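As the structure is a prediction and not an experimental result, all values here were calculated from the model.
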Amino acid sequence: MLQCINNMVFKKVYEIVCLIPKGKVMTYGQISELLSHSISARAVGWAMNCCPKKVPWHRVVNASGGISTKDLTDPPELQRFLLENEGIRFSEDGRISLGRYQFNPEKRAI
DNA sequence: CCATTGACGAAGA
DNA sequence: TTCTTCGCCAATG
């Protein structure tokens, strides 16, 4: 189950997520695109499902700026709490403004 | 090998 | 704007 951390592509995903600064977020699809679609957005989700503890998993949201966790390992409330704790504000519908918080790393950095 | 299930997302209706 | 449909792909039985 947790042998995914040995997968090279998954490692790349974790590498990228670790680059996201506090108070910023990235989407599953954005990460997929950064890796030239060598991994699908869905697979990125699976990668986050079994990511190393040190990875700031809570800074990854879906393309609509919403929380996508399904309470498998951590409840959605926790992710929201962690993000709000970093200064990110949620609107009434439980979503955030990607225009404000989305992080775009330079490809060279990967 | 085949079917199903998701921390996804773009395109239509 | 909300709801489907479909493609995506790793993991699981």
(Q) Under 4.5 Å between side-chain heavy atoms, counting indirect links through other Ile/Leu/Val/Met/Phe/Trp/Tyr residues: same cluster for Ile67(A) and Trp57(A) or not? (A) no
If I take atom [atom1] in residue [X] and atom [atom2] in nucleotide [N], what distance separates them, rounded to the nearest angstrom?
X	N	atom1	atom2	result
Leu35(A)	dC9(C)	CG	C1'	14 Å
His37(A)	dC9(C)	NE2	P	10 Å
Tyr14(A)	dA10(C)	OH	C1'	11 Å
Met48(A)	dA10(C)	CE	P	17 Å
Asn49(A)	dT12(C)	CG	P	9 Å

Q. So which pairs with a foot in residues 76-89 of chain A pass salt bridge (charged side-chain N to carboxylate O under 4.0 Å, His left out), sequence neighbours left out?
A. Arg59(A)-Glu86(A), Arg80(A)-Glu84(A)
Q) Is any side-chain heavy atom of Phe90(A) closer than 4.5 Å to a side-chain heavy atom of Leu83(A)? A) yes
Q: Could you work out which one of dA10(C), dC9(C), dA7(B) sits closest to the side chain of Ser40(A)?
A: dC9(C)
For nucleotides 9-13 of chain B, print each protein N/O atom paired with a nucleotide N/O atom at under 3.5 Å, atom names and distance only.
from, atom 1, to, atom 2, distance (Å)
dG9(B), OP1, Tyr28(A), N, 3.4
dG9(B), OP1, Gly29(A), N, 2.8
dG9(B), OP1, Ala63(A), N, 3.4
dG9(B), OP2, Ala63(A), N, 2.5

Q: Locate the shortest heavy-atom distance separating Leu98(A) from Asn62(A); write the atom from each residue and the value.
A: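 For Leu98(A) versus Asn62(A), the nearest heavy atoms are CD1-O, 4.3 Å.
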Q: List the atom of Leu19(A), the atom of Phe103(A), and the distance in Å for their closest heavy-atom pair.
A: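 Scanning both residues, the minimum pair turns out to be O-CE2, 3.6 Å.
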Q.
According to salt bridge (Lys or Arg N to Asp or Glu O under 4.0 Å), who are the partners of Arg95(A), at least two apart in sequence or on a separate chain?
A.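 For Arg95(A), the residues satisfying salt bridge (Lys or Arg N to Asp or Glu O under 4.0 Å) (neighbours in sequence not counted) are Asp93(A).
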Q.
When you measure from the side-chain N and O atoms of Lys70(A) to the phosphate of dA7(B), is any distance below 4.0 Å, counting only OP1 and OP2?
A. yes
